[in-house]
Number of protein chains: 2
Amino acid sequence: MNDVARLAGVSIKTVSRVVNDEPGVHPSTAERVLAAIDQLGFRRNLSARNLRRGSSTGTIGLVLEDVGNPFYSGVTRAVEEIARLRGRQVISGSSDEDPGRERELALEFCSRRVDGLLIVPAGLQHSYLVPEMRAGTPVVFLDRPAGDVVADTVLVDNIGGTVEAVTHLASHGHRRIAFLGDAPDIFTANERLRGYREGCVRAGIGYHEELVAMGPHDESSVATTLQRLQTMREPATAIVAGNNRITVYILRALAGVAERPALVGFDDFELADLLSPPVTVIAHDASALGKAATDLLFARLDGDNSPPRRVVLPVRLVPRGSGEVHA
Amino acid sequence: MNDVARLAGVSIKTVSRVVNDEPGVHPSTAERVLAAIDQLGFRRNLSARNLRRGSSTGTIGLVLEDVGNPFYSGVTRAVEEIARLRGRQVISGSSDEDPGRERELALEFCSRRVDGLLIVPAGLQHSYLVPEMRAGTPVVFLDRPAGDVVADTVLVDNIGGTVEAVTHLASHGHRRIAFLGDAPDIFTANERLRGYREGCVRAGIGYHEELVAMGPHDESSVATTLQRLQTMREPATAIVAGNNRITVYILRALAGVAERPALVGFDDFELADLLSPPVTVIAHDASALGKAATDLLFARLDGDNSPPRRVVLPVRLVPRGSGEVHA
DNA sequence: GGCCACTATGACAACGTTGTCCCCCAGCGG
DNA sequence: CCGCTGGGGGACAACGTTGTCATAGTGGCC
């Protein structure tokens, strides 16, 4: 800006005025300044501007588990969309389920003075955020709740969803329904397990430990588990999969197998309808989740300081075939 | 920092020394400072720091077409990964194929003084970046080249891939091979069309205008096109799909159809192997693309100022069934 | 001519840091 | 007692902006 001022033969303040479209600059002066800006390829430094104005940095931080997972990239897209409408940029990072990494990312974002934080928590300890929140940085947790702080949270109805899945399978005559879930220390995995259990009880088919296999799972552990479930004394005739990845692992393991158990997966995914049989899922909307969380964040930025809210988004069972096989 | 200094009864410079682990602070003083930091929840302002030091802002900007597309979210993931290893944060945004939006994002990132830019170009005009590049901001284009500036570029072998697809189909006896591509003003779409044409010529089956349908496509336009291709006087017996979305549209349109043409899709996608028939694709690696581009960017940041490079990543045909149907 | 109002512009401080340079004082040798 | 040394610490400027206030010039009115 200094250089521009020198070239145009004015003070830096006048350049500032031109750059900010402030009134009170003579058109001919403005023109000279603009020419100088163009010639030097000047672009105002937003960091300095925000520092001086003490105002918003125009950024929001997004900590998620893995952008590579279609579910989270859907969330990211929705967040971006709304941030854009509100003139904000998104800085994001993946925690890979590592609480340390999550914390590192969140605090790094705070150091950059983001206007707000959206976090898919990896761990259960979030007291590290208390100073930031007290200092006025709004934080919204999504997909999973914070461990030890009270804050805005947007979740999906994990319990309702798995209850519905089990009920649905039971209504087709299944009494040996298995559940393959993610690591039980992950909130959603645990909730879905609870829903599964409740569904079993409600359906009157009882909860049987041996039909449950919690993760972490990979392709081979899922294959092994399926083997066990199908060869036990009273084999499982139906399976509830705890998330999109597990569903895919199951599909891989079952590829080419003639006698397939019924299957309902948690999370919808592309092409589920084109597989044979098409996969019945508990669907919920990644972009709705991202949108709800971002809307909540912006409400806080707009001054809403009502008590923290917990929003639970509905899920719906989408019957496609794999879950409508009779026992 | 001021408050911390006052509370600890020292000067702000001493606080700065403690925060930056600089030597020359008495342990007992440091302890007082740390206690004050803790009590006030102080976190150093990175913008101010970078402004003062005139150093890197520790961020890189990523402009892509749509994070929601699994291909680009794979790219994003890879970029993030490498940026992390090099201590950088990623700021990203989606252009939605809108050149204006691409430019807006890129310039916004420049205003934030990102250390470097990774761009999946939406348009053909990139001279707007010349001042920034001359000012020392390295820019790497990925997936598509820049329109009118010479810069580092990482591409995949679009032509080679489609040539291979056509050759593969021809070797199974197909002589009426159709091509459904994206809008021809998109570089990759155009290149793939060229590859298709060259493949036809090489295979000695000739290039026939009526077998080509360029986009933009959506589910219904694809369905209509397929209808036309299959009912023409000499119907198409095989199809090459120009990208992952078009492949999916084709699969949707063909669902339940008994007489299916052979199909090879450009871009691999999850579950392609579990469909029936499994989908033969020209595969290339989103994360390899992201990694190559980011590596190139960091090489520039490390001072490499050799002439701009153009890297072309190989693709490979993955035969799975849909492309091995004989005519 | 003196005064006012108004426009165009500039000087300067400040945002929160850090780099540079300087000062104070204890400890030590002569 | 003096001077020197070195460790611990502070004052101040500067990074690139913008907000505040001041100032110079111009034209109009009495």
Side-chain angles (χ1 to χ4, degrees), chain A residues 1-34 36-37 40-59 107-115 131-132 135-137, chain B residues 1-34 36-37 40-59 107-115 131-132 135-137:
Chain A
M1 198 142 118
N2 228 321
D3 304 336
V4 174
R6 205 171 316 120
L7 181 59
V10 297
S11 75
I12 57 169
K13 179 63 210 186
T14 298
V15 177
S16 171
R17 277 194 259 261
V18 172
V19 169
N20 291 293
D21 268 329
E22 281 174 37
V25 178
H26 196 90
S28 70
T29 313
E31 200 174 328
R32 272 205 334 276
V33 171
L34 288 173
I37 286 178
L40 296 174
F42 165 81
R43 193 166 311 286
R44 112 181 124 198
N45 183 326
L46 267 184
S47 304
R49 168 177 231 246
N50 293 328
L51 175 60
R52 168 63 236 236
R53 311 202 1 168
S55 65
S56 130
T57 57
T59 53
L107 291 182
E108 162 89 23
F109 292 163
C110 288
S111 269
R112 292 188 185 281
R113 297 294 187 269
V114 291
D115 298 338
E132 318 297 337
T137 307
Chain B
M1 199 143 120
N2 227 321
D3 304 337
V4 174
R6 203 169 322 119
L7 181 59
V10 297
S11 75
I12 59 169
K13 179 64 210 186
T14 299
V15 177
S16 171
R17 278 195 258 261
V18 172
V19 169
N20 292 294
D21 268 329
E22 282 174 37
V25 179
H26 195 92
S28 70
T29 313
E31 200 174 329
R32 265 194 353 266
V33 171
L34 288 173
I37 286 179
L40 296 175
F42 165 81
R43 192 166 314 284
R44 121 180 114 193
N45 183 326
L46 267 185
S47 303
R49 168 176 230 246
N50 293 328
L51 176 59
R52 168 64 237 238
R53 310 196 17 167
S55 65
S56 132
T57 57
T59 53
L107 291 182
E108 162 89 23
F109 292 164
C110 287
S111 269
R112 293 190 183 280
R113 296 294 186 270
V114 291
D115 298 338
E132 318 297 337
T137 307

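Just the heavy atoms: all of them, side chains too, but no hydrogens, waters or symmetry mates, feed the values below. In what follows, every chain begins at residue 1, and chains take the letters A, B, ... in the order their sequences are listed.
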Would you classify B/Asn20 as touching base, sugar-phosphate or nothing, given that sugar-phosphate means primed atoms plus P, OP1 and OP2, and contacts are heavy atoms under 4.0 Å? sugar-phosphate
B/Arg44 CZ - D/dC15 P separation (whole Å): 20 Å
Between A/Ser56 and A/Asp115, does any side-chain donor sit less than 3.5 Å from a side-chain acceptor? yes
Ignoring the backbone of A/Phe42, work out which of D/dT18, C/dT17, D/dT17 is nearest its side chain. D/dT17
Would you say that B/Val18 contacts B/Thr29 through its side chain, given a criterion of any heavy-atom pair below 4.5 Å between the two side chains? no
Measure from CD on A/Glu22 to P on D/dG19 and round the result to the nearest Å. 6 Å
Whether A/Arg32 side chain and A/Ala8 backbone form a donor-acceptor pair below 3.5 Å: yes
By the 4.0 Å heavy-atom rule, please label B/Asn50 as base, sugar-phosphate, or nothing. nothing
I want to check one thing: is the phosphate of C/dT9, taken as OP1 and OP2, less than 4.0 Å away from some side-chain N or O of A/Thr29? yes
Might you work through the side chain to side chain contact (heavy atoms under 4.5 Å, CB included) test for A/Asn20 and A/Arg44, ending with a clear yes or no? CA-CA 10 Å; A/Asn20 291 293; A/Arg44 112 181 124 198; 2.6 Å; yes
Could you tell me whether A/Gly54 contacts a base, only the sugar-phosphate backbone, or nothing, with contacts defined as non-hydrogen atoms closer than 4.0 Å? nothing
If the cut-off is 4.0 Å, is B/Ser16 near the phosphate of C/dT18, judged by side-chain N/O to OP1 or OP2? yes
Return the value, rounded to whole Å, for the distance between atom CG of A/Asp3 and atom P of D/dC15. 11 Å
Within the structure shown, what part of the strands sits under 4.0 Å from B/Val25 by heavy-atom distance: base, sugar-phosphate, or nothing? sugar-phosphate
Any donor-acceptor pair under 3.5 Å from A/Ser47 side chain to B/Ser47 backbone: no
Rounded to whole Å, the CG-C1' distance (B/Asp21 to C/dT18) equals 15 Å
Classify B/Ile12 by what it touches in the nucleic acid, base, sugar-phosphate, or nothing, heavy-atom distance under 4.0 Å. base
Just to be sure I understand the rule, does A/Val10 reach a base, reach only the sugar-phosphate, or reach nothing, if contact means heavy atoms closer than 4.0 Å? sugar-phosphate
Look at all strands and tell whether B/Thr14 reaches a base, only sugar-phosphate, or nothing, counting heavy atoms closer than 4.0 Å. sugar-phosphate
Rounded to the nearest angstrom, tell me the gap between atom CG in B/Leu46 and atom P in D/dG16. 18 Å
If every non-hydrogen atom of B/Arg17 is compared with every non-hydrogen atom of B/Pro23, which pair is closest and at what distance? CD-O, 4.2 Å
Which whole-number value in Å describes the distance from B/Arg49 CZ to C/dG19 P? 7 Å
Ranking B/Arg53 and B/Lys13 by the position along DNA chain D of their nearest nucleotide, the one closer to 5' is B/Lys13
Gap between atoms CG and P, on A/Leu51 and C/dA13 respectively (whole Å): 17 Å
Could you state the atom-to-atom distance from CG of B/Asn2 to P of D/dA11 in whole Å? 11 Å
Base of C/dT18 paired with side chain of B/Arg52 (donor-acceptor, under 3.5 Å): yes
How would you label the contact of B/Ser47 with the nucleic acid (heavy atoms, under 4.0 Å): base, sugar-phosphate, or nothing? nothing
What contact category does A/Arg17 fall into here, base, sugar-phosphate, or nothing, at under 4.0 angstrom with non-hydrogen atoms? base
